[in-house]
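For clarity, every value in this text was computed on a predicted model and none was experimentally measured. Just follow the structure's listing: the first ligand is 1, and inside any ligand the first atom is 1.
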Amino acid sequence: MHVSHLSLADFRSYARAEVPLGPGVTAFVGPNGQGKTNLVEAVGYLATLGSHRVSSDAPLVRMGADRAVVRASVVQGERRQLIELELNPGRANRARINRSSQVRPRDVLGMVRTVLFAPEDLALVKGDPGERRRFLDELIIARSPRMAGVRQDYDRVLKQRNTLLKSAAMARRHGGRSADLSTLDVWDQHLARAGAELLAQRLDLVTVLQPLADKAYEQLAPGGGPVALEYRTAARESSDAPPARSREELYSTLLAAMSEARRQEIERGVTLVGPHRDDLLLRLGRLPAKGYASHGESWSFALALRLASYELLRAEGDEPVLVLDDVFAELDAKRRERLAELVAPGEQVLVTAAVEEDVPDLLTGARYVVADGSVERVQA
Ligand SMILES: Nc1ncnc2c1ncn2[C@@H]1O[C@H](COP(=O)(O)OP(=O)(O)OP(=O)(O)O)[C@@H](O)[C@H]1O
């Protein structure tokens, strides 16, 4: 699939932008701070309903405006569809497909699939577990858009359960009447139900991603691996029990773990077990990548995770749009060439770079100059 036209209104620095796009490589080149990343961030937003740079929508709306619109024509084989997203920070976002009446924004998920490489990816290796959970969940939703609803349910139940635990903890601390915890069992069941589904998808994803990540690392940094991915969950009944796999087994495991942690949870006023506490352990050779891998190795690992995501998505369905935001400047010549070779055949590849020399020769295609708020097509 590819995006054939991107149209922005009051998105980031753009009051208006109209950008025709085609298959193959398109590079956006221009000095720092001119709005190159803002363009590809909008493409990423269509795929994930989020930004790779910020965790809320507010910074995506142009300063002084109260809403932003991202519109895109998407070509999938013979099919052409128009997606429109309206971002209303503080209020509900809106979405339309083919100018029809409104749909839920999450109904748009799956229509655009992207794999986005950016300097921020280093946090996948060096950052907190939340970065890796987000990576897994975004990929899960790209594989199976209905999981966005499961993820939302999980977050909602978790919030409600935490509110209940917090009031119980406060009541205990202040020696007041102990809070009514009779509903906690029901919340446990809801949390374990959504949690088991999410956990099952994450475990499956890690299993299929592992060989692809190892292969990608070998392509980027030959002889530097192997790399291993290991899902770490606090919800294990006992260390010698075989790992639970089916949704029912995971459901029981989560319920049992919650029951075991209940006293501590009431003391601390927070949910201590479940997919929101898990991590993805990344190992390079025999050592954990976090805290041990060099800067260059960490970069290669992060790129390998993105390349593995790309291979997985294209093997399972429509080819995703590849977005390479400012990554080539961060790489040495060898890795730059290897990455360029690997992504060049992609159906649509969007690249941003501050200077033309940062775009590898292999990635010839359309060129736009981004400067002073405008996006102008130039002859390559
Ligand atoms: N909500 C907003 N309203 C107005 N301007 C914004 C908003 N968000 C970001 N900007 C402006 O957009 C510019 C940054 O754009 P962007 O990140 O796309 O730059 P870039 O061309 O990719 O730069 P670099 O090469 O440094 O990565 C900054 O000047 C910033 O002030």
query: If you measure only the distance, is there a donor-acceptor pair under 3.5 Å linking the side chains of S4 and R80?
result: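 Present: a donor and an acceptor within the cut-off.
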query: Are T48 and E138 linked by a side-chain donor-acceptor pair shorter than 3.5 Å?
result: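 No pair is found: no donor N or O on one side chain lies under 3.5 Å from an acceptor on the other.
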- request: Mind jotting down which protein residues get a heavy-atom contact under 4.0 Å with ligand 1? Chain and number order, please.
  value: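 Around ligand 1, where the cutoff is 4.0 Å for heavy atoms, the contacting residues are R12, S13, P31, N32, G33, Q34, G35, K36, T37, N38, R53, P59, V61, R62, M63, D326.
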query: Aromatic rings Y45 and F11: how do their planes relate, parallel, tilted or perpendicular, breaks at 30° and 60°?
result: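 Because their plane-to-plane angle is over 60°, the rings of Y45 and F11 count as perpendicular.
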Note: K36-D326 ion pair, threshold 4.0 Å (strictly below):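 Here K36 does not pair with D326 in a salt bridge, since their nearest N and O are not under 4.0 Å apart.
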field: Test item: N88 and R67 side chains (from C-beta on) under 4.5 Å apart, heavy atoms
entry: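 They are in side-chain contact.
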Option passing side-chain contact (heavy atoms from CB on, under 4.5 Å) with K290 (candidates L281, D128, L282):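 The option that passes is D128.
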